[in-house]
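Here the structure is a predicted model, which means the values were calculated and not measured.
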Amino acid sequence: MIRIGGATASFSDTALSVPQLLADGRLDYLIFDYLAEGSMGIFGRMQAADPAAGYGTDFLTVHVGPYLNEIAAQGLKVVANAGGVNPAGLAAALERMIAEAGLSLTVAYVDGDDLRPRLEELRAAGHRDMFTDAPFPENIISANAYLGAFPIAAALARGADIVVTGRVVDSAVVLGPLVHEFGWGPDDLDLLAAGTLAGHLLECGAQVSGGTFTDWRDVPDWANIGFPIGECHADGSVVITKPEGTGGLVSVGTVAEQLLYEVSDPADYIVADVRCDFSDVKLEQIGKDRVRVTGARGRAPTDSYKVCVTFDGGWRSIAYQPIIGEDAAEKAARQAEALFARGRALLRARNLPDFSLTDTVMIGGEASFGAHGQQGQTRELICKLVVDHPDQQGAQIFAREQWAGISGMSVGTSINLATHVLPMTGTFLFLLDKQTVPSRMTFAGVTQDVAVAAGVPIATGAPAAERAPMTPAEPGSVAVDLVRLAWARSGDKGHLFNVAVIARQPEYLPYLRAALTPEAVAEWYRHLGPDGQRPRVDRYDVPGFHALNFVVRDALAGGINASTRLDPAAKGMAQMLLRFPIPVPAALAAELGAAASSDKGNGHG
């Protein structure tokens, strides 16, 4: 058994996790996930300003650097994708820090993912975005293939104590150690899928140990929430737990929510090393804060890597205006239109082009819920004003002028909470032949190419997601809120998001399945669809732990980097579904009502 602690879900995650996991004293590995599509753009801009930068500096100053002595004393290995667009730079900085501390820890780095030297070749090849069909962009900031776990395993096999990487699949920071420790090969597909699942559960930190859980009232001590530990076995099974004496919660519900987080088809979760089938995974509560996970299956990997390109998309100005008083939403809407019009007049006076986008988001008026928002008079809200412009000057003109609303427009306009002028980062995704991308590991000054499985093309004609017909409720049924029957978790992936609905009891699943047709879910999220149209919704069954997974497409208005909405990361999309009416037999409705009234501590009471 190998015990792995998951210490970060992003490059800005808490400083609490590492000392907490080190205090456990029984770990073999600490892993860190720093990267996402948005963070690659941030690191790319950092390196453009300073060629020596482009990696996660918190790795040195917050998460690992201060604890090098303890890491060495415990004999821990560390794996992190904190290298961003400059893993060699991070490795060099880390080696200097180790030397200054008088330690003998060794460092390796994995690269080959950076495709910026090949941009003209890639553009000439005519690649188009795999989701939007957009052409290859200009003004590139970063371009990286998502590498797999075997270069990490190779670095560990050479004796590295700390391995830092550029862009690898998130779960690879766990799968790499498991490949190394257990001797798994590229043909051990079920084991690779199981290791990928362990990685998927651990790489988002406290999300699997009670963070962002539907039943949030059941999760104790957020201030000291426990970060996850995976007890990983050579047969592929993993037990998810957390350090003793910490807050948080590890339950079938918390693990199930994280298992489906940011997943499209659970039966075909594609990473660099394997195609995973999680649909029959079994979750078993085997003790307090201990959940055993088994049953992942694997198929041969594809012959391509996913590539993420980020590019400069102009400038955005964002202002947050408090509006207080009667008819606040109506006043805010009029003020927004007046400020946009005034901004356009100022642009014309300076011979600058028009805004490329204007938008108003009413924060506090339940606009995120569309037709399902609670109706009533809104007497205070935050009006979020957004404009995009090709030039920084155009965005700055609006940022300055919007202050005029305080004294020259709506009564009740208070001091602006914040105004930002930010560069816009666009995202472009496509697939690239694995055999054209080197996968390298550098240790002790020697660079080694690492062979990866060639993979097979994705077969055409694969089964489509289910398009279930509407199912009428049984006579005598009573509608109850979805949250009485299920947990739910959502997450973004570019222009789409997923919502996982996990039955609290297996016998609830048929009722959920009958009511939550793709068409019904699409109608529920109609206000998020393009031009007010219902978004496309696909539904996938997850029988192993009695769940349904919905993929809502073209519903994030440009994705996390570009969306103007209150929730571009789709963290709250599942919350919007909790009041969805599910018809159930009257007897069950009565039972659920009684249970809710007698259990005041749960998160759905």
Novice: Below 30° counts as parallel, above 60° as perpendicular, anything between as tilted: where do the rings of Phe32 and Tyr34 land?
Specialist: perpendicular
Novice: Using 30° and 60° as the class limits, which term best fits the ring planes of Tyr269 and Phe278: parallel, tilted or perpendicular?
Specialist: tilted
Novice: Would you name the heavy atoms of Gly148 and Val168 that are closest together and state the gap between them?
Specialist: O-CG1, 4.1 Å
Novice: Does any N or O in the side chain of Arg504 come within less than 3.5 Å of the main-chain N or O of Val483, such that one atom is a donor and the other an acceptor?
Specialist: yes
Novice: Using atom types as modelled and distance alone, determine if a side-chain donor or acceptor of Thr302 lies under 3.5 Å from a backbone N or O of Ile458.
Specialist: no
Novice: Tell me yes or no: between the side chains of Glu257 and Thr214, is some donor less than 3.5 Å from an acceptor?
Specialist: yes
Novice: Distance-only, no hydrogens or angles: does the Asp129 side chain make a donor-acceptor pair with backbone N or O of Leu429 under 3.5 Å?
Specialist: yes
Novice: Using a distance-only test with no angle check, is there a side-chain donor-acceptor pair under 3.5 angstrom linking Thr310 and Ser142?
Specialist: yes
Novice: Does Arg553 pair with Asp538 as a salt bridge, N-O distance under 4.0 Å?
Specialist: yes
Novice: Give the ring-plane orientation class for His127 versus Phe136, where under 30° counts as parallel, over 60° as perpendicular and anything between as tilted.
Specialist: tilted
Novice: Got a second to check how far Asn549's CG is from Leu259's CG, nearest 0.5 Å?
Specialist: 10.0 Å
Novice: Could you measure the distance from the OG1 atom of Thr196 to the CG atom of Leu201? Nearest 0.5 Å is fine.
Specialist: 11.0 Å
Novice: Could you check Thr241, Asp24, Asp28 and say which one makes a side chain to side chain donor-acceptor pair (under 3.5 Å) with Arg3?
Specialist: Asp24
Novice: Would you call Arg534 and Glu519 a salt bridge, taking side-chain N to carboxylate O under 4.0 Å as the test?
Specialist: no
Novice: With rounding to the nearest 0.5 Å, note down the distance linking CG in Leu432 to OH in Tyr305.
Specialist: 10.0 Å
Novice: Donor-acceptor check, side chain of Ser490 to backbone of Met573, threshold 3.5 angstrom: yes or no?
Specialist: yes
Novice: Quick one: pull up CD1 in Ile31 and CG in Leu175 and give me the separation to the nearest 0.5 Å.
Specialist: 11.5 Å
Novice: Taking all non-hydrogen atoms of both residues into account, name the closest pair between Gly199 and Val174 and its distance.
Specialist: CA-CB, 3.5 Å
Novice: Indicate yes or no for a side-chain donor-acceptor contact from Thr8 to the backbone of Phe11 under 3.5 Å, with no hydrogens or angles considered.
Specialist: no
Novice: For Thr212 and Arg489, run side-chain hydrogen bond (donor to acceptor under 3.5 Å, both in side chains): C-alpha distance rounded to whole Å, both residues' side-chain angles, the deciding distance at 0.1 Å, then the answer.
Specialist: CA-CA 8 Å; Thr212 73; Arg489 169 77 67 84; 3.3 Å; yes
Novice: For the atom pair CG (Asp492) and CZ (Phe497), what is the distance rounded to the nearest 0.5 Å?
Specialist: 10.0 Å
Novice: Honestly, is Lys77 close enough over Tyr29, meaning NZ or CZ under 6.0 Å from the six-membered ring centre and within 45° of the axis?
Specialist: no
Novice: Under 3.5 Å, is there a donor-acceptor pair between the side chain of Asn144 and the main chain of Arg167?
Specialist: no
Novice: Look at the side chain of Lys434 and the backbone N and O of Ala272, then say whether any donor-acceptor pair between them is shorter than 3.5 Å.
Specialist: yes
Novice: So which heavy atom on Asp13 is nearest to which on Ala7, and how close?
Specialist: OD2-O, 4.4 Å
Novice: Do Tyr511 and Leu588 come within less than 4.5 Å of each other through their side chains, counting heavy atoms only?
Specialist: yes
Novice: Could you tell me whether the side chain of Ser171 and the main chain of His200 form a donor-acceptor pair under 3.5 Å?
Specialist: no
Novice: Donor-acceptor check, side chain of Asp303 to backbone of Ala454, threshold 3.5 angstrom: yes or no?
Specialist: no
Novice: Taking all non-hydrogen atoms of both residues, which atom of Trp184 and which atom of Leu191 are closest, and how far apart?
Specialist: CZ3-O, 3.2 Å
Novice: Checking Trp487 side chain against Val252 main chain: does a donor-acceptor pair fall under 3.5 Å?
Specialist: no
Novice: Mind listing the closest non-hydrogen atom pair of Leu21 and Pro243 along with its distance?
Specialist: CD2-CG, 4.0 Å
